[in-house]
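Data first, discussion second: the structure below is written as structure tokens.
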Amino acid sequence: MTGMLTRGVPDCRPLLADPDDLTLVFQPIVDLARARVAGYEALARFPGTAGPEVWFAAAADAGIAAELEALAITKALAAVPDLPADTFLTVNVGPHLLGTRPVQQALATRPDLRRVVVELTEHAPVRDLAALRVQVAALRSRGALVALDDTGSGWSGLQQLAALRPQLVKLDRSLVADADTDPVRMALAEMVGEFAGRIDAWLLAEGIETRGELAAFCRLGVPLAQGWLLGRPAPGFAPLAPEVVELVRTQTARARTADTVVSLLRPVRQVDVTEPLPGVPPAVLVGPHGEPLALRLADPRTASVHTAPVSLRVHPTDDVTARLHKALTRPPAHRFDPVVCTDASGAVLGLLRVEDLASAAAAR
């Protein structure tokens with residue numbers, strides 16, 4: 001069956017005679033909190049239009065999977081001295097090939113594995129988990145970190161996470177795609193992130209392709225991300241594009257305020273309380289120092305205009321749920337009146353609708 005699947009693809013055996021046919025590109029891994037490159041993933045590229053997965057499948061069919069993987073590892077480790085400061089390099093290794101002689105020899109080409117993350121893919125079952133733990137321990141003793149790739153797909157399972165205790169857990173693209181519109185995917189990603197935190201591992205969302213996906217994982221607090229939106233694979237160690245830096249900073253800033261009332265503020269007219277015509281509602285009537293004294297509101301059913309007291313003031317960094325609770329414990333006549341938000345000096349910043357507070361609290 002394997003021969004039928006790989007029939008017609010290029011024969012990968014000549015690559016071992018001419019190693020220059022296998023080249024590497026490097027995709028950035030982004031530290032979302034700092035909007036900078038934390039590391040790079042080394043990815044193999046081959047002649048022609050067939051993708052890397054086709055070439056590695058053909059190598060397995062020809063019985064030289066370990067040799068081809070060893071060639072990619074050797075080239076990746078040779079690039080470590082060129083890494084930018086304070087970054088790491090992830091190198092993909094099939095766990096079923098980790099103990100083979102070619103792969104072990106390739107890993108031995110660089111005895112010091114600091115700044116190297118050995119990324120164990122999960123496309124095949126691990127038959128001897130005890131042997132894999134020994135091999136992983138040997139890599140750690142040489143300074144390497146260990147990542148578990150494609151978590152949430154294929155043969156992935158909590159057993160491997162618990163047994164190997166990786167320092168980096170990569171969410172599979174199947175959990176990342178459209179996560180901003182799919183609460184089930186977000187719930188699964190959050191579950192994996194919680195587990196990763198319990199074993200002291202960092203979570204990485206791979207395959208970020210849209211602004212919505214980026215925003216969703218920023219809100220979730222995922223520390224690392226990777227994908228075409230953030231940076232495509234390139235021949236060298238490229239920095240983040242300025243527009244990507246700005247995008248990440250904007251999304252992380254929004255995520256930090258997602259649980260506070262500042263994200264729900266609406267602009268409001270401010271009218272001096274002494275003016276005979278206090279303006280079109282809603283408006284805040286302010287005193288001589290800009291302090292809010294009353295609200296000018298319109299009844300949504302009758303459109304009749306009335307004046308209401310300022311019964312609740314909040315600060316922009318206040319928690320959404322706590323402010324909702326206070327709003328709903330006001331006297332019934334003013335329970336759904338807007339809430340005035342002021343800064344530290346007491347100046348009016350805007351109004352909050354109780355309905356918006358309720359919606360934000362329910363989404364948390």
Side-chain angles (χ1 to χ4, degrees), residues 16 19 22-29 31 37-44 52 56 59 64-151 155-156 159-170 195-204 206 223-224 226 236-237:
L16 303 179
L22 188 157
T23 59
L24 293 179
V25 291
F26 305 93
Q27 186 172 27
I29 295 169
D31 178 340
V37 176
Y40 297 86
E41 181 178 3
L43 300 167
F56 282 106
I64 55 170
E67 287 78 4
L68 190 59
E69 190 126 326
L71 177 59
I73 293 169
T74 300
K75 291 200 169 194
L77 294 182
V80 171
D82 298 324
L83 277 172
D86 301 320
T87 62
F88 57 81
L89 184 68
T90 69
V91 180
N92 290 294
V93 183
H96 61 296
L97 299 175
L98 183 57
T100 62
R101 182 184 296 273
V103 169
Q104 286 295 312
Q105 289 176 339
L107 290 168
T109 60
R110 185 172 181 82
D112 181 0
L113 292 179
R114 285 175 294 180
R115 304 183 71 189
V116 174
V117 178
V118 176
E119 192 171 308
L120 301 175
T121 59
E122 291 194 279
H123 299 301
V126 176
R127 293 184 174 86
D128 192 343
L129 204 52
L132 183 60
R133 281 200 299 265
V134 172
Q135 294 156 9
V136 165
L139 293 173
R140 287 191 170 118
S141 70
R142 292 162 57 192
L145 300 180
V146 175
L148 204 58
D149 189 21
D150 298 328
T151 303
W155 296 93
S156 170
Q159 184 182 11
Q160 284 194 42
L161 283 171
L164 299 178
R165 304 290 176 92
Q167 286 96 348
L168 192 63
V169 175
K170 297 186 72 172
F195 191 94
R198 293 292 182 92
I199 62 173
D200 200 23
W202 284 40
L203 190 65
L204 189 160
E206 65 175 336
L224 299 173
Q226 180 181 3
F237 297 119

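Quick caveat, the model's predicted, so the values are computed rather than measured.
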For [X] and [Y], which heavy atoms make the closest approach, and how far apart are they?
X: Y40; Y: P28; answer: CD2-CA, 3.8 Å
X: A201; Y: V169; answer: CB-CG2, 4.0 Å
X: I199; Y: P166; answer: CD1-CD, 4.0 Å
X: V103; Y: A70; answer: N-CB, 4.0 Å
X: A66; Y: T100; answer: CB-OG1, 3.5 Å
X: A78; Y: P81; answer: O-CD, 3.4 Å

For this session: Please list, chain by chain and in numerical order, all residues satisfying salt bridge (Lys or Arg N to Asp or Glu O under 4.0 Å) with E69, sequence neighbours excluded.
Result: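 Testing E69 for salt bridge (Lys or Arg N to Asp or Glu O under 4.0 Å), a comparison that skips the adjacent residues, returns none.
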For this session: Output all residues satisfying salt bridge (Lys or Arg N to Asp or Glu O under 4.0 Å) with R114, sequence neighbours left out; order by chain, then residue number.
Result: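 Only D112 meet the salt bridge (Lys or Arg N to Asp or Glu O under 4.0 Å) criterion with R114.
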With sequence neighbours left out, write down each residue that passes side-chain contact (heavy atoms from CB on, under 4.5 Å) with [X], or none if nothing qualifies.
X: T23; value: R45
X: A79; value: F26, F237
X: Q105; value: R101
X: A131; value: D128, Q135

Exercise. Who pairs with F56 by ring-ring contact (aromatic ring centres under 6.0 Å, His included), at least two apart in sequence or on another chain?
Worked result: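 Result, ring-ring contact (aromatic ring centres under 6.0 Å, His included) vs F56: F46.
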Note, [X] side chain near [Y] side chain (heavy atom, < 4.5 Å):
X: P102; Y: L68; value: no
X: V91; Y: V118; value: no
X: K170; Y: E41; value: yes
X: V116; Y: L77; value: yes
X: E206; Y: D149; value: yes

Among residues at least two apart in sequence or on other chains, which ones pass side chain to side chain donor-acceptor pair (under 3.5 Å) with [X]?
X: E67; answer: none
X: R198; answer: E194
X: D200; answer: none

Got a second to check how far [X]'s [atom1] is from [Y]'s [atom2], nearest 0.5 Å?
X: T109; Y: I73; atom1: OG1; atom2: CD1; result: 9.0 Å
X: L71; Y: I64; atom1: CG; atom2: CD1; result: 10.0 Å
X: L132; Y: L164; atom1: CG; atom2: CG; result: 5.0 Å
X: L203; Y: L224; atom1: CG; atom2: CG; result: 8.5 Å
X: L204; Y: L148; atom1: CG; atom2: CG; result: 12.0 Å

For this session: Answer yes or no: is there a donor N or O on one side and an acceptor on the other, between the side chain of Q167 and the main chain of A147, under 3.5 Å?
Result: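 Checked: no pair found.
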Exercise. Is the backbone N or O of L22 less than 3.5 Å from a side-chain atom of K75, with the two atoms forming a donor-acceptor pair by type?
Worked result: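 Indeed, once roles are kept as given, a pair shorter than 3.5 Å links the two residues.
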Problem set entry | Where at least one partner belongs to residues 81-90, residue pairs that pass side chain to side chain donor-acceptor pair (under 3.5 Å), sequence neighbours excluded |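 Qualifying pairs: T90-E119.
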For this session: Begin from the C-alpha positions of N92 and L43 and carry the test side chain to side chain contact (heavy atoms under 4.5 Å, CB included) through to its verdict.
Result: CA-CA 8 Å; N92 290 294; L43 300 167; 4.1 Å; yes
Exercise. Should L168 and L145 be marked as a side chain to side chain contact (heavy atoms under 4.5 Å, CB included) after you check the CA-CA gap, both sets of side-chain angles, and the distance that decides it?
Worked result: CA-CA 8 Å; L168 192 63; L145 300 180; over 6 Å; no
Exercise. In this structure, are over 12 heavy atoms from other groups packed under 6.0 Å from R140 atom CZ?
Worked result: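 Check passes, neighbour count above 12.
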